[in-house]
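See below for the structure under consideration.
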Amino acid sequence: VAALARRVGERGEQRMTARGERAALAAPAADRDSFVDWLVTTDHKRIGLLTVGTGVALLFVMGALALVMRAQLAQPDQSILSPQQYNQFMTMHGTGMISLVITPIAIGFGVYVIPLQVGAPMIAAPRTALLGYWCYVMGAIALLWGFGVPVGGASDGWWSYLPLASSRYSLGPGEDLWIIGTFLAATGMILLAGATLWTVLRMRAPGMTMMRLPVFAWTMVVTCFMVLPAFSSELVADGVLIAARIDPAFVNNTWTVAYQNLFWFYGHPVVYVMFFPFVGCVAESLATFTGRRFFGYPGTVLSLLAFAALSMSVWGHHMFASGQSVNDYFSLTSILLILPAGIEYFGMLATLVGARLRYSTPMLFALAFIPQFLIGGLSGIMVATPSIDYQANDSYFVVAHFHYTLFAGSVFGLFAGVYLWFPKATGIMLSERLGRLHFVLLVIGTNVTFGPMFGLGLLGMPRRVASYPASAGFTTLSLISSIGSFIIGLAMLVFVYNLYHSVRRRRPAPPNPWQAHTLEWATSSPPPRFNFSAEFPIPRITSYAPLLDQRQAASRRSRPEG
Amino acid sequence: MRVSAVLVVGFWGVLLALLTALLAGMGGQMVVVVIYGSAVAVMALLTVAVAISQHRAHRRARAWRYAPGGGTTFLLAAGALLAGFGLAFGWWCTIISATVFALACLNEVYSLRKRRG
């Protein structure tokens with residue numbers, strides 16, 4: 001059996017080499033560098049960078065909306081925004097951050113990194129991936145266009161419940177543009193995720209078995225598994241909305257409840273789509289800056305698969321208070337999430353214990369992710385209990401919970417990934433000093449902004465309100481929260497300055513500046529058109545940390561015998 | 001341990017199927033079970049697709065093809081946006097979008113001919 005397996009492996013290796021050579025023969029050595037060439041590129045690295053870059057640019061737009069909302073709520077009875085404008089800002093901030101910022105950045109990381117990590121010369125279906133990027137961009141244009149129409153953009157929340165979203169109650173084209181935007185953005189993500197998933201499943205280099213995939217690649221596998229059915233559900237939900245826009249008489253109780261289920265079948269898994277890839281970024285950062293393998297690899301892989309399956313099964317907890325959900329089932333599955341999450345946390349902490357840590361900027365963001373996401377996760381388990389959810393529902397407690405998961409968790413994982421892979425993608429090192437300043441300001445800003453929201457929720461402050469009276473007792477905590485949000489804004493400016501400063505200074509990055517373990521670090525920074533070359537060949541893959549294996553083997557060889 | 005891609009996709013699909021069955025058993029409404037069941041169907045299709053792809057790869061090696069520039073994809077996405085604008089600004093936008101889709105087709109034919117020389 002072993003001999004047969006070896007023969008099959010050798011045949012596969014020959015075939016893969018032949019494929020690589022033929023691909024290289026048929027193609028130019030490098031793509032041209034003009035602006036238009038970038039926009040029609042089929043290089044996964046450029047598509048990934050375009051996706052992440054567009055997402056980061058939109059992060060600033062959506063963040064600016066949040067700052068205006070926090071300015072409005074800093075004091076009672078303010079009128080910086082009218083209630084209608086506040087609702088538009090809130091809707092666009094929610095939809096934009098989810099559909100146009102964090103999800104595309106998460107999937108964009110996969111588009112860039114996955115072919116490199118699995119040793120493929122390109123992404124599967126590169127033109128499909130590019131179509132995905134353009135659908136996403138067109139979705140963003142449609143959504144933002146809403147601010148330019150006479151009655152303004154959509155104003156009924158990122159969930160756009162019926163019958164409020166029907167043409168009877170939401171007048172003007174703003175809601176229509178919201179539907180078109182979310183439809184195109186979801187289509188784009190399905191195409192990008194499909195190409196990424198197929199790359200992992202069918203284009204791995206010889207020796208890169210499924211159980212030798214890096215942890216980040218596994219997180220992308222489960223993310224893409226979730227994107228395919230969940231985002232399709234969003235497309236169907238948008239179809240229901242279109243019907244309700246064309247004919248308001250279409251809306252009845254059955255379709256209203258069906259829409260809620262269709263929407264949340266997308267709306268909850270998307271939270272995990274915005275989470276898993278960043279867990280992967282954190283896992284890679286922890287393993288790299290401890291100089292170790294990620295602890296408990298098989299358990300982590302199994303827990304990721306279970307985690308993803310369970311997270312497809314919890315959407316009904318958003319409907320606990322509606323009386324239209326099987327509360328027992330959705331409460332059970334929601335609380336069960338703590339098991340795979342616990343295994344992953346165990347893996348992260350066990351990787352750290354006893355290691356000699358290097359506190360580079362990606363590591364700082366990864367370390368902050370651990371306790372901050374824990375706060376978001378545990379408060380999620382609290383509201384997964386229907387009896388608590390009935391109390392906390394529609395209060396600022398829920399706002400605090402999901403901002404701790406998505407901002408204090410995912411965005412910190414996002415920055416761990418940005419600082420980790422920026423040198424690989426650009427060949428330029430970011431400034432560590434400015435990175436640390438960005439980190440410190442972001443930790444302070446995050447906790448000052450979102451921590452008081454738990455208190456506001458417990459005091460009874462409802463979410464989605466444009467103002468509150470002075471007598472309500474929300475003033476102090478709201479003011480603290482608003483101050484925190486401007487500290488976050490300052491932190492983001494430091495990040496932009498870091499990009500500007502580092503690109504101007506151009507400190508070149510070596511192929512593996514962090515002494516990381518996975519295949520992308522075996523090639524040049526930035527990688528060549530087909531990822532690996534004669535100068536930077538794919539090393540022998542012996543585990544999920546092939547470069548660490550190489551270094552350990554070299555150190556064993558250099559050690560004197562006896 | 002040897003774990004194939006088909007096994008991973010299939011295993012995840014089975015996990016979803018078990019959770020769907022549990023939901024049905026605990027009193028989930030038909031609409032909820034159908035929505036969740038559709039996810040199981042998507043995973044079943046993906047499992048079959050990966051299995052077929054693996055089987056074909058064993059029988060016949062195919063070279064990876066270099067994909068040339070994707071100008072057509074931009075036109076397709078722009079056409080989709082214009083078609084969608086029909087909902088917001090009137091159906092004339094959707095009618096106009098047919099021109100953009102036609103342009104995408106022409107661009108594709110042109111670039112195919114150019115590649116073949």
Side-chain angles (χ1 to χ4, degrees), chain A residues 15 18-20 22-23 26-27 37 39-42 121-122 126-127 130-131 134-135 137-138 141-142 149 173 176-177 179-180 183-184 187 200-203 209-211 221-222 225 228-230 232-233 242 245-246 254 257-258 261-262 265 305-306 308-310 312-313 316 326 328-329 333, chain B residues 1-9 11-16 18-20 22-23 25-29 31-32 35-36 38-43 46 49-50 53-54 57-58 61-78 80-89:
Chain A
R15 195 166 59 229
R19 283 175 177 184
R22 269 182 274 178
D37 290 324
L39 298 185
V40 298
T41 182
T42 50
M122 59 178 83
R127 276 153 61 98
L130 183 63
L131 178 61
W134 280 117
C135 283
V137 171
M138 297 301 164
I141 290 171
V149 295
D176 300 317
L177 290 167
I179 296 168
I180 299 158
F183 188 93
L184 286 174
T187 306
V200 183
L201 296 179
R202 298 296 302 125
M203 289 178 68
T209 61
M210 290 300 283
M211 290 308 281
V221 167
V222 297
F225 278 173
L228 297 182
S232 305
S233 176
I242 289 170
R245 298 293 297 171
I246 293 171
T254 307
V257 175
N261 278 296
L262 282 166
F265 194 67
L305 289 166
L310 276 172
M312 293 288 290
S313 320
V326 190
D328 292 346
Y329 174 83
T333 49
Chain B
M1 188 174 59
R2 186 93 185 159
V3 177
S4 74
V6 179
L7 184 69
V8 171
V9 184
F11 173 71
W12 201 71
V14 169
L15 278 182
L16 286 193
L18 289 174
L19 285 161
T20 312
L22 183 64
L23 174 59
M26 288 178 78
Q29 298 155 307
V31 63
V32 179
I35 290 170
Y36 204 173
S38 66
V40 179
V42 169
M43 294 319 292
L46 184 61
V50 176
S53 166
Q54 275 189 359
H58 279 299
R62 276 176 55 201
W64 287 343
R65 280 178 302 172
Y66 168 74
T72 307
T73 61
F74 170 78
L75 289 170
L76 284 176
L81 178 67
L82 201 54
F85 276 171
L87 184 66
F89 303 119

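Worth knowing before you read on, the calculation uses all heavy atoms, side chains too, and leaves out hydrogens, waters and symmetry mates. As the structure is a computational prediction, the values presented were derived from the model and not from experiment. The chains referred to below are lettered A, B, ... by the order of the sequence lines, with proteins before strands, and numbering in each begins at 1.
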Between A:V326 and B:V32, does a side chain to side chain contact (heavy atoms under 4.5 Å, CB included) hold up when you go through it step by step?
-> CA-CA 10 Å; A:V326 190; B:V32 179; 5.8 Å; no

Apply side chain to side chain contact (heavy atoms under 4.5 Å, CB included) to the pair A:L201 and B:V8, showing each step before the final yes or no.
-> CA-CA 9 Å; A:L201 296 179; B:V8 171; 5.5 Å; no

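Neither the backbone nor the side chain of A:T254 comes within less than 4.5 Å of any heavy atom of chain B. Looking at B:F85, the atoms closer than 4.5 Å to chain A (heavy atoms on both sides) sit in the backbone and in the side chain alike. No part of A:A230 comes within reach of chain B, as not one of its non-hydrogen atoms sits under 4.5 angstrom from that chain. Of the atoms belonging to B:V9, heavy atoms from both backbone and side chain fall under 4.5 Å from chain A. With a 4.5 angstrom heavy-atom cutoff, A:V137 does not touch chain B via any of its atoms. If you measure heavy-atom distances from B:V31 to chain A, the contacts under 4.5 Å come from the side chain alone.
Between A:A142 and B:L81, the shortest heavy-atom distance links the atoms CB-CD1, 3.6 Å. Residues A:M210 and B:A5 approach most closely at CG-N, 3.9 Å, considering heavy atoms. Across all their heavy atoms, A:L131 and B:A77 have their closest contact at CD1-N, 4.1 Å. Here the closest non-hydrogen pair linking A:I180 and B:A88 is CD1-CB, 4.4 Å. B:G71 and A:V40 make their closest contact through CA-CG1, 3.7 Å (heavy atoms, listed as atom of the first residue, atom of the second, distance). Residue A:A309 comes nearest to B:Y36 through the heavy atom pair O-OH, 3.6 Å, listed as atom of the first residue, atom of the second, then distance.
For B:V14, the side chain to side chain contact (heavy atoms under 4.5 Å, CB included) test picks out B:L18, with sequence neighbours left out. Remark: B:F74 pairs with A:W134 by the ring pair (Phe, Tyr, Trp, His ring centres under 6.0 Å) rule, at least two apart or across chains.
With rounding to the nearest 0.5 angstrom, the CD1 atom of B:I35 is 11.0 Å from the CE atom of A:M312. For the atom pair CG (B:L16) and CZ (A:F225), the distance works out to 9.5 Å, reported to the nearest 0.5 Å. The distance from the CG atom of A:L310 to the CG atom of B:L15 is 8.0 Å, given to the nearest 0.5 Å. Taken from CG in B:L23 to CG in A:D328, the straight-line distance is 11.5 Å, to the nearest 0.5 Å.
Side-chain atoms of A:R202 and B:S53 form a donor-acceptor pair, as typed in the model, at a separation below 3.5 Å.
Among B:A78, B:S38, B:G27, the residue making the largest number of heavy-atom pairs under 4.5 Å with chain A is B:A78. Considering only heavy-atom pairs separated by less than 4.5 Å from chain A, the leading option among B:A39, B:G13, B:A83 is B:A39. The candidate from A:D176, A:I242, A:L130 with the greatest count of non-hydrogen atom pairs under 4.5 Å with chain B is A:D176.
A donor-acceptor pair is defined here as one N or O able to donate and one able to accept, closer than 3.5 Å; such a pair exists between the side chain of A:Y329 and the backbone of B:L19. Distance alone, capped at 3.5 Å, is enough to place a donor-acceptor pair between the B:W12 side chain and the A:L305 backbone.
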